[in-house]
Amino acid sequence: MCGIIGFAGREQAAPILLDGLERMEYRGYDSAGIAVRSATKGLQVKKTKGRLQVLRDLTQDGAELEGTLGIGHTRWATHGEPNDINAHPHVSENGRIALVHNGIIENYLEIKEQLQRHGVTFTSDTDSEVVAQLLEFHYNECHNMLEAVGRVLRRIQGSYAFGIICSDYPNALIAARKDSPLILGFGENGNFIASDVTAIIKHTRDVVYMDDGEIAVVTAENIDVFDSEMNPLEKKHSQVDWDVSAAEKGGYAHFMFKEIMEQPEAIRKTVSPRVREGRVVLDDLRLPAEYVRDISRIFIIACGSSYHVGMVSKYNWERLLRRPVEVCLASEFRYSDPLVDEKSLVVVISQSGETLDTMAAMREAKRLGARTLAIVNVVGSSIAREADDVLYTWAGPEIAVATTKAYSTQLVLMDLVGLYLADLLGTVEKSEYDAILWELQTLPEKLEQVLTHVEDIQYFASRYFNHNSIFFIGRNLDYAMGLEGSLKLKEISYIHSEAYASGELKHGTISLIEPGTLVVALGPYAALFDKSMSNVVEVKARGAEVLAVTTERFREKMEKTADSTVVVPDTHPILQPSLGVVPLQLFAYYVALQRGCDIDKPRNLAKSVTVE
Ligand code: AGP
């Protein structure tokens, strides 16, 4: 949620800040702003409602703001509607301090009231402005910016990544973090702060991940990091190894389409290095074998699409491990007084590794004594660093808000982990183990076949894009896959859509089916294909239009009943969702395209959800 950036260097800051914000726009895009300190003009702030392009136009691509020190922000509104005034940076009353913030200050109202009693006037509705004003208050007392920041941090509650500049400090910006991501970048022509590597990868690969409670002072020459007691810290540097082009569209109209097309390669990168001599090898996993043997219960905790990966994995892991697996929405788990103990394995799944609900749930699980394993895409993210074990999906940067390749790589990584654990527990037959592992390795080629049928899906989308309500139905793994298909459609095309377990329709939802209702019937799951078909027949009998997704094996049967059929190759049953989900992603993409939606940046959403 929200992206922040800061630069202290030997070049003009504004163009660098704008470029970085553009690369982080997926984090929030309802308003944006920058503040630059100039030797002659002091602090200059430009901010506006709307996309980054509006800010670019307002500042003539940054040419209007002179200075080599600055901060920037792209916003996903929490407190206060998206407008020019609520946009960041926020400036203190005397105009001396400017601040950008990602996170939520929970006790802002109480502080605001105290400051108002001291005569401070507020202009915005945000929690962030309160911090800027509080900084001025303390700075006026101690006349030392670092000391003032320390006092403020002791006063505020909530989550934050801050970038702060002060007109009395022409060469330095201050950064601080707690529960919101923040990295430091060491460049040749200056140094950076940013919410995400994508914002600064053009300038440097040499980064430091800030930890909670840390404060950094960034100048063109140096970055000094301190703990909350202001003791200097030696931080470990990391090198970002992915290509700059990975975060660019590379000729595609949308990041989402590019990322859909990248799935075969992404899966290859997730699977290949982890298979050696016919075995799953998870070098990074330190989970002791005795712990695994003692596990009484497994929890999979996640949000959104990552939760849907958990839904698929529940079916697959229970089949492979013969242990109860519970899938929990992170936002629910945390407050549910969960029955987790030291015999529980808690698996958290998160593309960004920054989702606050997931992180909080993981902390709760740890507090209760469980061992935690994180399945994460973003290297060095908070969840990755806090989990007992982390396995990376290696999907590369995913920019479109609607996840595709991250979802697919999470699925296959969960399959690999499931196989690995089942082998340790002795709950999987060798022939089954070999068959699944073989099919996992052939998935990329089968996916490439699916992607050759892009035009068929485009055609179906052009037929169905006008529907107001679309149902996805299926049983078992098909149901779990339908949840993801339905979410993809909702989030980017804004069509109302629901996913139902087919057998559940007759208990209520079938009353919504009327002549012409579009039902996407999912039938790749072989074991229950005939049962699923009965439900397809039931909705047909009530006038539904049926678009089916099935496998080669069932093509003929399905074509007899459905109005349109998309066929994917057969694979091992537990891997079928990895193939079946791709037409659903493409369907959502083309429907959204037909409806003229903003595919990569759907309304009201953000890629990384770092608020509760
Ligand atoms: C999926 O398209 C969404 N962008 C969203 O549901 C996402 O999966 C969810 O917010 C969880 O994010 P995470 O994987 O980064 O934790």
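Each ligand, and each atom within it, is numbered from 1 in the order the structure gives. All values derive from a computational prediction rather than experimental measurement. Hydrogens, waters and symmetry mates play no part in the numbers below; they use all other heavy atoms, side chains included. If you read the sequence from its start, that first residue is 1, and numbering goes on from there.
One finds no salt bridge joining K314 and E326 here, because no Lys/Arg side-chain nitrogen approaches an Asp/Glu carboxylate oxygen to under 4.0 Å. Salt bridge status for E448 with R268: present, with a side-chain N to carboxylate O gap under 4.0 Å.
Near ligand 1, heavy-atom contacts under 4.0 Å come from C303, G304, S305, S306, S350, Q351, S352, T355, V401, A402, T403, L487, K488, E491, V609.
Screening residues 378-422 for ring-ring contact (aromatic ring centres under 6.0 Å, His included) gives no qualifying pairs among residues at least two apart or on separate chains.
Scanning for side chain to side chain contact (heavy atoms under 4.5 Å, CB included) contacts around L512 gives F471, T509, with sequence neighbours left out. For S305, the side chain to side chain donor-acceptor pair (under 3.5 Å) partners at least two apart in sequence or on another chain are E484, K488.
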Apply side chain to side chain donor-acceptor pair (under 3.5 Å) to residues Y459 and S564 and explain how you reach the verdict.
CA-CA 11 Å; Y459 166 71; S564 320; over 6 Å; no

